[in-house]
There are 2 protein chains.
Amino acid sequence: MVRKRATLKDVAALANVSRATAARALNSYGYVGDETAQKVQAAAEKLGYRGNRLAQALRNGQLPIVGCILGDIQNPFFARIAHDIEVLARECGHNLVIGSSEEELDQEISLLSSLRSLSIRGFIVAPTSATNNAHLQSLNLENVPLVLIDRVAEDVESDHVVVDNEGGARKAVEYLIAMGHRRIGLLQDDMRIFTSRERMTGYRTALAASGIAPDDRLIAVSQSTVEHAVDATIRLFSQKMPPTALFTVDSLMTQGALLAFRSMGISIPHDVSLIGFDDFNLATFTDPQITVVSQPVSEIGRAAARLLFDRLSGKSDPPQKIRFETKLIVRGSVSRHSAG
Amino acid sequence: MVRKRATLKDVAALANVSRATAARALNSYGYVGDETAQKVQAAAEKLGYRGNRLAQALRNGQLPIVGCILGDIQNPFFARIAHDIEVLARECGHNLVIGSSEEELDQEISLLSSLRSLSIRGFIVAPTSATNNAHLQSLNLENVPLVLIDRVAEDVESDHVVVDNEGGARKAVEYLIAMGHRRIGLLQDDMRIFTSRERMTGYRTALAASGIAPDDRLIAVSQSTVEHAVDATIRLFSQKMPPTALFTVDSLMTQGALLAFRSMGISIPHDVSLIGFDDFNLATFTDPQITVVSQPVSEIGRAAARLLFDRLSGKSDPPQKIRFETKLIVRGSVSRHSAG
DNA sequence: AGACAATGTGAGATCGATCTCACACATATT
DNA sequence: AATATGTGTGAGATCGATCTCACATTGTCT
């Protein structure tokens, strides 16, 4: 048998008061007699009344939900962030809607549009594109709080939380150069992505500082999945003059590179040196352990959520721009290359 | 300047028709004159009108959102499932709210209650507890579609999608026994969890079938994170008579075990043999490659979402119970143990 | 011509909760 | 006694979209 949800009207009827009084009693505002309040509470209890958040939201304009659009939940980096945001959202009495853009701008736009029509209170977005952001700007126009995460979008004035991608990449490549490498490969994802650009810039800057001419044949572009990274790595290292070292821009791609090297019989660090951006679980299990640029993953999500909920509670400072440091963690996947 | 969202009323006013007519034109139902329809479309276009889904939902009872409560998004297994569900939900014009119970029953209950007050259309849940499920039963009572995923809940009549946990565990342990092991450790998570129980049963069954007495000292319980698994493994293998082989019940725990072994100087498969439930990215990179029981992760989420959307579109067959096969993938982490 | 459908449109109710306003009654203040 | 203040309550508007119903207007068939 299908039981309908009890509404405020039902509660009011059972308690023999008007809807207005029932609402006052349940939300404790305005004047309500003690006795009346008790009656209403009892009635609500008895009916198992729970307010319809939809109706509440329609009335006062917003749903206690925040939206979060990330590149790919399957990337442990984003999974961690999503998790941290959800925890903080829950603490603040909100639910979290998670959407994945799958690094497609179109999907990001349609997802955002669909979530906006839900009158969601605010958004945390890792924008797919660094440049193409009318949809994000329009959030500003309509005063919907937005926090950018992991990536910055040009022309969008809002809080953001990112890491020092360029510096991290530079440190990694400088280290490779210091170890004697000159043919340094780069395995990166789509250039529209902000982090990809910044890491690429760090890579180029480090090369330039040492007077090493950039070489496009050393750069492979792949989607950020293990499978795609395997293929891209194989292509990169099937050339006549393959790199002697590789820098990968995220942990899934690092793992792809590892698998590719194994399948090609290339040994680390003997045949090739490797540094990955973003640490991962088994980086210290592999033999050798993998040298990485680590970012403070556990702080990013919390920081972004913090910023968003500050906005939601009315803070109107100028946009805050948080940039976390990255750190080169030297382990064993880089060996000295004697110039030949 | 803050622009307000255009409402149907605005569109109607601009097109010089009533709200009712505007609604008809935009949703194409009932009779509308061609010319009028055009006018309305144009007005909507001009104002950038997008319907308020809250209002729509309040009117017709439900929001085009499905909820999904999983154990932990950071587990790649659940991340993959969440991703697949989201993709299918999007195809069906729905958004996905993801919550994480963090394997706490209380959290699962409060999350569910909070999502229900959103008038969400249906749920996909991986219940924390195999037995304690009044909150899930009440979904049945109020006719809210529910699909259980990865885990079954007693006394809850609903579709579910699980894998053959017991069989998978049995195959793994039988294989270890066939390779001469008799002191076989089990690294498992909380016994309230359905999969944990089933895998444990498989483990016990295999032992019993070979006349091996169970020994509680060989069983370690840990939360399903790499860090906790490391600790649990270290405790397990610090005993006087440690196991000669270990079976771990999920991939994060497998990875934890790997890290623990490394830190303890225990080598696989020389000192200890290892089989993990659930495959993972680097299982074929490590040396030796890790033998695992694999489950068809890519099908689970889709299957569950499929079932849910079938229900949402009115299907009312008896509950469907899907159980996928698991497969023992033999790689190199198990070696023959000569009885000592 | 009269009856009857088909087509097109608007007024108003509805979903459920909230909030403003008006009113009633009591007590306090001049 | 007359006015002000404090308390407690209900009627009704509101949020935005949808849907029922009533009312036109046209065309069609006997």
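The sequence lines fix the lettering, A, B, ..., with proteins before strands; numbering per chain opens at 1.
In this structure A:Glu102 satisfies the side chain to side chain donor-acceptor pair (under 3.5 Å) test together with B:His83, sequence neighbours excluded. Residues satisfying the side-chain contact (heavy atoms from CB on, under 4.5 Å) test with B:Ala57, not counting sequence neighbours, are A:Leu54, B:Leu63. Residues passing the side-chain contact (heavy atoms from CB on, under 4.5 Å) test with A:Tyr31, sequence neighbours excluded: none. In this structure, the ring pair (Phe, Tyr, Trp, His ring centres under 6.0 Å) partners of B:His94, at least two apart in sequence or on a different chain, are B:Phe309.
In this structure, CG of A:Leu8 is placed 12 Å from P of C:dC19, rounded to the nearest angstrom. Atom-to-atom, NZ of B:Lys9 to P of D:dG16 comes out at 8 Å; the value is rounded to the nearest Å. Atom-to-atom, CG of B:Leu26 to P of D:dC19 comes out at 13 Å; the value is rounded to the nearest Å. In this structure, B:Asn52 places its CG atom 18 Å from P of C:dC15, rounding to the nearest Å. Note: CZ (B:Arg5) to C1' (D:dA17) measures 13 Å, nearest angstrom. Per the geometry, CG belonging to A:Asp10 stands 11 Å off P belonging to C:dC15, to the nearest Å. Distance, B:Leu54 CG to D:dG16 C1': 9 Å, rounded to whole Å. Protein atom CD of A:Gln56 is 6 Å distant from nucleotide atom C1' of C:dA17, rounded to whole Å.
The phosphate of D:dA17 has OP1 or OP2 within less than 4.0 Å of a side-chain N or O from B:Tyr49. Taking only side-chain nitrogens and oxygens, B:Asn27 comes nearer than 4.0 Å to OP1 or OP2 of D:dT18.
With salt bridges taken as basic N to acidic carboxylate O contacts below 4.0 Å, one links A:Arg311 and A:Asp159.
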For residues 105-115 of chain A, tabulate all N or O donor-acceptor pairs below 3.5 Å that involve a side-chain atom, not counting sequence neighbours.
| from | atom 1 | to | atom 2 | distance (Å) |
| --- | --- | --- | --- | --- |
| A:Gln107 | OE1 | B:Arg90 | NH1 | 3.0 |
| A:Gln107 | OE1 | B:Arg90 | NH2 | 2.6 |
| A:Glu108 | OE1 | A:Thr128 | N | 2.6 |
| A:Glu108 | OE1 | A:Thr128 | OG1 | 2.8 |
| A:Glu108 | OE2 | A:His135 | NE2 | 2.8 |
| A:Ser110 | OG | A:Gln107 | O | 3.4 |
| A:Ser114 | OG | B:Arg53 | NH2 | 2.8 |
| A:Ser114 | OG | B:Asn95 | OD1 | 2.6 |
| A:Ser114 | OG | B:Asn95 | ND2 | 3.3 |

Study note, to complete from the structure: Per-nucleotide protein contact along nucleotides 6-14 of chain C, 5' to 3', at a 4.0 Å heavy-atom cut-off (B base, S sugar-phosphate only, - neither), is -BBBBBBBB
